*Asks:* 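Sharing a structure with you now.
In this text, all values refer to a predicted model and were calculated from it rather than measured experimentally. We use all heavy atoms of the structure for the numbers below, so side chains are in, but hydrogens, waters and symmetry mates are not.
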There are 2 protein chains.
Amino acid sequence: MPIRAHTPRMLHPIEELRPIGVVQSSLTDPTDAPKQVDDQIGIAWLMLSDDYSAGLQGLAPGQDIILLTWLDRGNRAVLSVHPQGDPANPERGVFATRSPNRPNPIGLHRVPIVAIDDDRICVLGLDAVSGTPILDIKPVLSPSDA
Amino acid sequence: MPIRAHTPRMLHPIEELRPIGVVQSSLTDPTDAPKQVDDQIGIAWLMLSDDYSAGLQGLAPGQDIILLTWLDRGNRAVLSVHPQGDPANPERGVFATRSPNRPNPIGLHRVPIVAIDDDRICVLGLDAVSGTPILDIKPVLSPSDA
């Protein structure tokens, strides 16, 4: 089968994102957000918009989900960083790190569902500040699943 | 610490996405895309735009990455589906499935890097058709990492 020719220079703009909800939690200061995965953060609520809550059917407490957020404080012009914000760490390309500063600051969080209450989901250990827009929720399919 | 009040109704529009590259592979027909994770798909190239290739520094062959793509053929109005497209499966909310039809059709793919060649990355087993825009690349941090 022939490979279709594509050049990145011909990339078309993409349709706009539609936030499906927001994070509500006690984490309000981004400098409080842990630099690495950490389960000590407590609970957060995913507040879904009425328009999208029908999409939650089939999710259940105890299940792990992958949450995609829009890290709206990220600096989109950054292409390399010192990992964990530590100048002692040699610079790396942002795509080799989980820095919130990157061309498309989409946050990726794997969290367990603690409870579901109509159009809101309670999760544990979410490293995103309160007010962070939610883009998508996906089920985890296997232990090593992305 | 007080919880900031947020209502999903007050959601603001989000800045536009900027594709950082495109997938180039022999998978051109979306109906050929497997309905579930499958390693039989062969190799694909992630063709990064020159503007963003500096962000790849630190990635290496043998490493697993999480690729975020824009599934531009997804139907954004769909909120529930029959999983795997099989009418025998009871309907579920899209957020409890990996359907490409969802409000923000962001594809999530965990794939190993086979080779890196300047501004392109060769990966194995990617279930995305040729021409799919690439939004982000993230390193995998742990075996169970999302």
Side-chain angles (χ1 to χ4, degrees), chain A residues 1 3-4 6-9 11 13-22 24-26 28 37 47-50 52 54-59 66 68 70 72 76 79-80 92-98 102-104 106 108-110 130-131 133 135-146, chain B residues 1 3-4 6-9 11 13-22 24-26 28 37 47-50 52 54-59 66 68 70 72 76 79-80 92-98 102-104 106 108-110 130-131 133 135-146:
Chain A
M1 204 179 289
I3 290 180
R4 260 165 66 192
H6 289 284
T7 67
R9 297 189 185 289
L11 284 173
I14 274 175
E15 288 175 82
E16 66 178 4
L17 290 168
R18 302 172 193 160
I20 62 169
V22 292
Q24 190 174 80
S25 74
S26 59
T28 54
V37 176
M47 312 292 286
L48 269 278
S49 164
D50 287 351
Y52 300 111
L56 298 179
Q57 201 195 343
L59 293 175
I66 295 168
L68 300 182
W70 184 253
D72 50 2
R76 305 185 66 178
L79 284 178
S80 62
R92 281 191 168 199
V94 289
F95 303 129
T97 79
R98 290 294 189 93
R102 52 205 312 124
N104 295 298
I106 299 172
L108 177 69
H109 322 264
R110 179 175 170 162
S130 200
L135 300 178
D136 200 8
I137 295 170
K138 298 180 191 290
V140 170
L141 298 181
S142 73
S144 67
D145 185 43
Chain B
M1 206 177 288
I3 291 180
R4 261 164 65 191
H6 288 284
T7 67
R9 296 188 185 290
L11 284 173
I14 275 175
E15 288 176 82
E16 65 178 4
L17 290 168
R18 302 172 191 160
I20 62 169
V22 293
Q24 190 173 80
S25 74
S26 59
T28 54
V37 175
M47 312 292 285
L48 268 278
S49 163
D50 287 351
Y52 300 110
L56 299 180
Q57 200 195 346
L59 293 174
I66 294 167
L68 300 181
W70 186 253
D72 49 2
R76 306 186 65 178
L79 284 178
S80 62
R92 282 192 166 196
V94 289
F95 302 130
T97 79
R98 291 292 190 94
R102 53 205 310 125
N104 295 298
I106 299 172
L108 177 68
H109 323 264
R110 180 174 170 164
S130 200
L135 301 179
D136 201 9
I137 296 170
K138 297 180 192 292
V140 170
L141 298 181
S142 73
S144 69
D145 184 43

*Asks:* What residue, out of Pro103(B), Gly55(B), Ala54(B), Gly58(B), has the most heavy-atom pairs lying under 4.5 Å from chain A?
*Replies:* Gly55(B)

*Asks:* Could you tell me which portion of Arg102(A) (side chain, backbone, both or neither) has an atom closer than 4.5 angstrom to a non-hydrogen atom of chain B?
*Replies:* side chain

*Asks:* Give the C-alpha distance, both sets of side-chain angles, the deciding distance and a yes or no for side chain to side chain contact (heavy atoms under 4.5 Å, CB included) between Leu68(B) and Asn104(A).
*Replies:* CA-CA 10 Å; Leu68(B) 300 181; Asn104(A) 295 298; over 6 Å; no

*Asks:* How long is the span from the CD1 atom in Ile20(B) to the CZ atom in Phe95(A), to the nearest 0.5 Å?
*Replies:* 3.5 Å

*Asks:* Using the side chain to side chain contact (heavy atoms under 4.5 Å, CB included) rule, take Val94(A) and Tyr52(B) through it: C-alpha gap first, then chi angles, then the decisive distance, then the call.
*Replies:* CA-CA 10 Å; Val94(A) 289; Tyr52(B) 300 110; over 6 Å; no

*Asks:* Any side-chain heavy atom of Ile66(A) sitting closer than 4.5 Å to one from Leu108(B)?
*Replies:* yes

*Asks:* Please report the closest heavy-atom contact between Gln57(B) and Ala96(A), naming both atoms and the distance.
*Replies:* O-CB, 3.6 Å

*Asks:* Where does Leu59(A) contact chain B at under 4.5 Å (heavy atoms): side chain, backbone, both or neither?
*Replies:* both

